[in-house]
Amino acid sequence: QVQLVESGGGLVQAGGSLRLSCTASGRSISSYVMGWFRQDPGREREFVAGISRSGGSTPYVDSVKGRFTISRDFAKNTVYLQMNSLKAEDTAVYYCAAATSAIVRRSWSQYDYWGQGTQVTVSS
């Protein structure tokens, strides 16, 4: 079983950047498909980005393509989400998740482990 802790959220102006971190403990992130999701109050949790176990597949939701980048550091057992050119509509609580599936899934229900979330607020 893996435990996930997110950090790096905060308040930023539109056009700015943030880097979210998801540090895992208990098991190596290499054992999982890793994903980032976000959720606004009253809305369903939305897939943002994912990375396969091999690292060869890194899908993104269309709204963040070209602006966000998912990456990982096995030595630190950490997954990152670099967010550039932030927009007001990116405001949400961002969650890190791990799945035992073979490929990256876009549905939150396919993920087995979750962090507590970190708030990202983009002011316009």
Side-chain angles (χ1 to χ4, degrees):
Q1 187 166 337
V2 64
Q3 293 79 44
L4 305 172
V5 178
E6 301 97 334
S7 61
L11 173 64
V12 63
Q13 288 188 331
S17 298
L18 282 174
R19 188 177 78 160
L20 305 183
S21 299
C22 171
T23 300
S25 60
R27 199 166 177 187
S28 171
I29 58 172
S30 63
S31 300
Y32 300 96
V33 162
M34 300 299 296
W36 284 97
F37 288 76
R38 62 188 179 187
Q39 189 169 23
D40 262 344
R43 297 184 66 178
E44 189 167 323
R45 197 164 291 191
E46 176 188 39
F47 172 84
V48 176
I51 186 165
S52 62
R53 297 186 196 189
S54 69
S57 175
T58 54
Y60 298 87
V61 67
D62 286 348
S63 60
V64 308
K65 284 180 180 177
R67 300 189 297 122
F68 290 13
T69 303
I70 188 170
S71 62
R72 60 190 179 179
D73 184 333
F74 288 136
K76 295 182 178 180
N77 214 26
T78 298
V79 180
Y80 302 99
L81 185 68
Q82 177 67 44
M83 306 187 295
N84 298 328
S85 302
L86 282 161
K87 304 176 181 180
E89 50 263 43
D90 295 318
T91 295
V93 177
Y94 282 71
Y95 297 90
C96 173
T100 56
S101 59
I103 62 174
V104 179
R105 303 289 187 180
R106 294 176 180 255
S107 170
W108 64 267
S109 64
Q110 299 294 314
Y111 287 74
D112 305 285
Y113 305 100
W114 292 86
Q116 83 288 350
T118 185
Q119 176 71 47
V120 171
T121 303
V122 184
S123 63
S124 57

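The residues of the chain are indexed from 1 along the displayed sequence.
- A 4.5 Å side-chain heavy-atom check between L20 and V120 finds at least one atom pair inside the cut-off.
- Atom CD1 of I103 and atom OG of S54 lie 11.5 Å apart (nearest 0.5 Å).
- Under a hydrophobic-cluster definition in which Ile, Leu, Val, Met, Phe, Trp and Tyr are linked whenever side-chain heavy atoms come within less than 4.5 Å, directly or via other members, V48 and L86 are assigned to the same cluster.
- Taking CZ from R38 and CE from M83, the interatomic distance works out to 9.0 Å, rounded to the nearest 0.5 Å.
- Taking the side chain as every heavy atom from C-beta outward, I51 and R72 approach each other to under 4.5 Å.
- Residue pairs meeting the ring-ring contact (aromatic ring centres under 6.0 Å, His included) criterion with at least one partner in residues 105-124, sequence neighbours excluded, are Y32-Y113, F37-Y111, F37-W114.
- What you find for S107 and S109 is that their closest heavy atoms are OG-OG, 2.8 Å.
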Side-chain donor-acceptor pairs under 3.5 Å in residues 5-18, sequence neighbours left out?
{"residue": "E6", "atom": "OE1", "partner": "Q116", "partner atom": "N", "Å": "2.9"}
{"residue": "E6", "atom": "OE1", "partner": "G117", "partner atom": "N", "Å": "2.9"}
{"residue": "E6", "atom": "OE2", "partner": "C96", "partner atom": "N", "Å": "2.7"}
{"residue": "E6", "atom": "OE2", "partner": "G117", "partner atom": "N", "Å": "3.3"}
{"residue": "S17", "atom": "OG", "partner": "N84", "partner atom": "OD1", "Å": "2.9"}

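- Cluster membership check: V79 does not share its hydrophobic cluster with V33, using side-chain heavy-atom separations under 4.5 Å among Ile, Leu, Val, Met, Phe, Trp and Tyr.
- A donor-acceptor distance shorter than 3.5 angstrom exists from the side chain of R53 to the backbone of T100, with no hydrogens or angles considered.
- Every residue was checked against the side-chain hydrogen bond (donor to acceptor under 3.5 Å, both in side chains) condition with S123, not counting sequence neighbours, and none meets it.
- Residues in residues 53-90 take part in no ring-ring contact (aromatic ring centres under 6.0 Å, His included) pair, two or more places apart or across chains.
- The only option from T78, L4, L81 that meets the side chain to side chain contact (heavy atoms under 4.5 Å, CB included) definition with M34 turns out to be L4.
- Using a 4.5 Å cut-off between side-chain heavy atoms of Ile, Leu, Val, Met, Phe, Trp and Tyr, with links allowed through other members, Y95 and V61 fall into different hydrophobic clusters.
- Looking only at atom types and distance, the side chain of T121 has no donor-acceptor partner in the side chain of T91 under 3.5 Å away.
- Every side-chain contact (heavy atoms from CB on, under 4.5 Å) that R67 has, sequence neighbours left out, goes to V64, S85, K87, D90.
- S28 approaches N77 most closely through the heavy-atom pair CA-OD1, 3.4 Å.
- The backbone N or O of R43 lies less than 3.5 Å from no partner atom in the side chain of D40, so there is not a single donor-acceptor pair.
- Atoms CZ and CD, on R45 and Q39 in that order, are 4.5 Å from each other to the nearest 0.5 Å.
- Grouping the Ile, Leu, Val, Met, Phe, Trp and Tyr side chains by contacts below 4.5 angstrom, directly or via other members, places V122 with W36.
- Taking S25 as the reference, Q3 meet the side-chain contact (heavy atoms from CB on, under 4.5 Å) condition, with sequence neighbours excluded.
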